Amino acid sequence: YTECMLEKRLTTIKSFYHKHKRLPSYEEMLSLFGVSSKNSVFKVIHQLVEQGLLKKDGTKLAPTSRFFALPLLGMVKAGYPILAEEHKKYLTLDEYLIEDPISSFLLTVSGDSLIDLGIYEGDIVIIKRQQQVKPGEIVLAEIDRQWTLKIYRTDRATGRPYLESANSNYPPFHPNRELAIHGTVQAVIRKLH
């Protein structure tokens, strides 16, 4: 199959997956592709497996993370308009945003203490589990048995750690008993609509 034809077949499979939350069977692919030859379907599947978009899980097909990749078409200026150039490659958002998937998880932000950093109520943050952090990092912390997202700081005079907001309506948070760091914010995800 040519690259253009293979991309059309992949788009058809992705549309089916989006609608049904599963890959189509070989029989369904015959109908979807409008072909009568099972050999045509096997060729498409073979190419998609070779490209790392699908994998064989025993006798079943399964999507890989690359299957869900979106095209990264190039750059666009946010300043003065320029002629856009298309440099097509594919990027999966999980690979781009999540450095270490095994030690990462998501949290939904509640509150406005980090708005000056562009982190708003309803945003989703990607947290990497770690306890060793540097001043200035945004951390998931437990301060006196209360969980929060704040900026990790250390007092210049005493060297004692505390937490700081990115909103002038909040004071610094100094622990009365304990401060435990459980992770750092690696990325923020926000839907605009």
Side-chain angles (χ1 to χ4, degrees), residues 14 17-23 52-55 57-58 60 62-80 87 89-193:
K14 283 181 175 184
Y17 189 93
H18 182 71
K19 184 176 181 182
H20 301 284
K21 304 299 182 231
R22 66 174 178 84
L23 291 174
L53 296 161
L54 298 177
K55 63 182 175 184
D57 190 11
K60 289 187 171 187
T64 64
S65 64
R66 199 155 175 249
F67 177 82
F68 301 103
L70 300 174
L72 177 64
L73 299 180
M75 284 188 173
V76 63
K77 283 266 191 197
Y80 289 104
H87 301 289
K89 67 180 186 178
Y90 285 86
L91 175 72
T92 60
L93 293 178
D94 59 332
E95 289 173 357
Y96 178 72
L97 296 173
I98 304 171
E99 188 178 292
D100 183 2
I102 292 169
S103 65
S104 298
F105 58 94
L106 305 172
L107 289 173
T108 301
V109 175
S110 173
D112 63 355
S113 70
L114 295 173
I115 60 172
D116 290 347
L117 292 177
I119 300 175
Y120 300 98
E121 173 128 11
D123 287 353
I124 294 174
V125 289
I126 299 171
I127 305 287
K128 181 180 178 186
R129 282 185 186 93
Q130 64 186 73
Q131 295 169 338
Q132 301 299 317
V133 296
K134 295 180 221 144
E137 290 187 296
I138 305 167
V139 297
L140 171 63
E142 187 179 6
I143 182 168
D144 298 328
R145 299 187 181 217
Q146 299 288 317
W147 289 84
T148 189
L149 281 183
K150 296 285 183 282
I151 304 164
Y152 180 80
R153 299 284 186 206
T154 53
D155 187 285
R156 289 185 185 165
T158 65
R160 298 180 82 185
Y162 68 97
L163 300 175
E164 182 179 78
S165 298
N167 181 335
S168 59
N169 293 328
Y170 295 93
F173 295 87
H174 296 272
N176 291 323
R177 293 182 304 277
E178 62 182 339
L179 173 62
I181 305 301
H182 294 279
T184 57
V185 173
Q186 301 295 299
V188 179
I189 304 166
R190 175 182 313 121
K191 277 187 164 182
L192 295 179
H193 302 285

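No experiment lies behind these values; they were computed from the predicted model shown.
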Practice item. Could you give me the CA-CA distance, side-chain angles and deciding distance for Leu107 and Trp147, then say whether side-chain contact (heavy atoms from CB on, under 4.5 Å) is met? Key: CA-CA 12 Å; Leu107 289 173; Trp147 289 84; over 6 Å; no
**Study point:** Working for side-chain contact (heavy atoms from CB on, under 4.5 Å), residues Ile126 and Leu106
**Key:** CA-CA 5 Å; Ile126 299 171; Leu106 305 172; 3.4 Å; yes
Review point. Can Leu114 and Val109 be said to form a side-chain contact (heavy atoms from CB on, under 4.5 Å), step by step?
Key: CA-CA 9 Å; Leu114 295 173; Val109 175; 6.0 Å; no
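At distances below 3.5 Å, not a single donor-acceptor pair connects side-chain atoms of Lys55 with backbone N or O atoms of Gly52. Under a 3.5 Å cut-off, the side chain of Thr148 and the backbone N or O of Lys150 do not form any donor-acceptor pair. Side-chain atoms of Asp144 come within 3.5 Å of backbone atoms of Arg177 as a donor-acceptor pair (strictly under, hydrogens ignored). Thr108 places no side-chain N or O within 3.5 Å of a backbone atom of Gly122 that could act as its donor or acceptor partner. No donor-acceptor distance shorter than 3.5 angstrom exists from the side chain of Gln131 to the backbone of His182, with no hydrogens or angles considered.
Between Arg22 atom CZ and Lys60 atom NZ the span is 10.0 Å, to the nearest 0.5 Å. In this structure, Leu140 CG and Gln130 CD are separated by 11.0 Å, a value rounded to the nearest 0.5 Å. Once rounded to the nearest 0.5 Å, the distance linking CD of Glu137 with CD of Gln132 reads 10.5 Å. Residue Lys191 holds its NZ atom at 8.5 Å from CD1 of Ile124, rounded to the nearest 0.5 Å. A distance of 12.0 Å separates OG1 of Thr184 from CZ of Arg129, quoted to the nearest 0.5 Å. Of the inter-residue distances, the one linking Phe173 atom CZ with Leu179 atom CG reads 12.0 Å to the nearest 0.5 angstrom.
Ser165 approaches Tyr170 most closely through the heavy-atom pair OG-CB, 3.2 Å. Heavy-atom minimum distance, Pro135 versus Thr154: CG-OG1, 3.8 Å. Between Ile151 and Ala166 the shortest heavy-atom distance is CD1-CB, 4.0 Å. For the residue pair Arg66 and Leu53, the shortest heavy atom distance occurs at O-CD2, 3.4 Å. Nearest heavy atoms, Tyr162 versus Asp155: CE2-N, 3.7 Å. For the residue pair Ile119 and Val125, the shortest heavy atom distance occurs at CG2-CG1, 4.4 Å.
Taking the six-membered ring for Trp and thresholds of 30 and 60 degrees, Phe67 and Tyr17 have ring planes more than 60 degrees apart, a perpendicular arrangement.
For His20, the NE2 atom sits in a packed shell: over 12 heavy atoms of surrounding residues, nucleotides or ligands are nearer than 6.0 Å.
Under the 4.5 Å side-chain criterion, counting only non-hydrogen atoms from C-beta, Ser110 is in contact with Glu121.
Salt bridge Asp123/Arg190: present, at least one basic N to carboxylate O contact under 4.0 Å.
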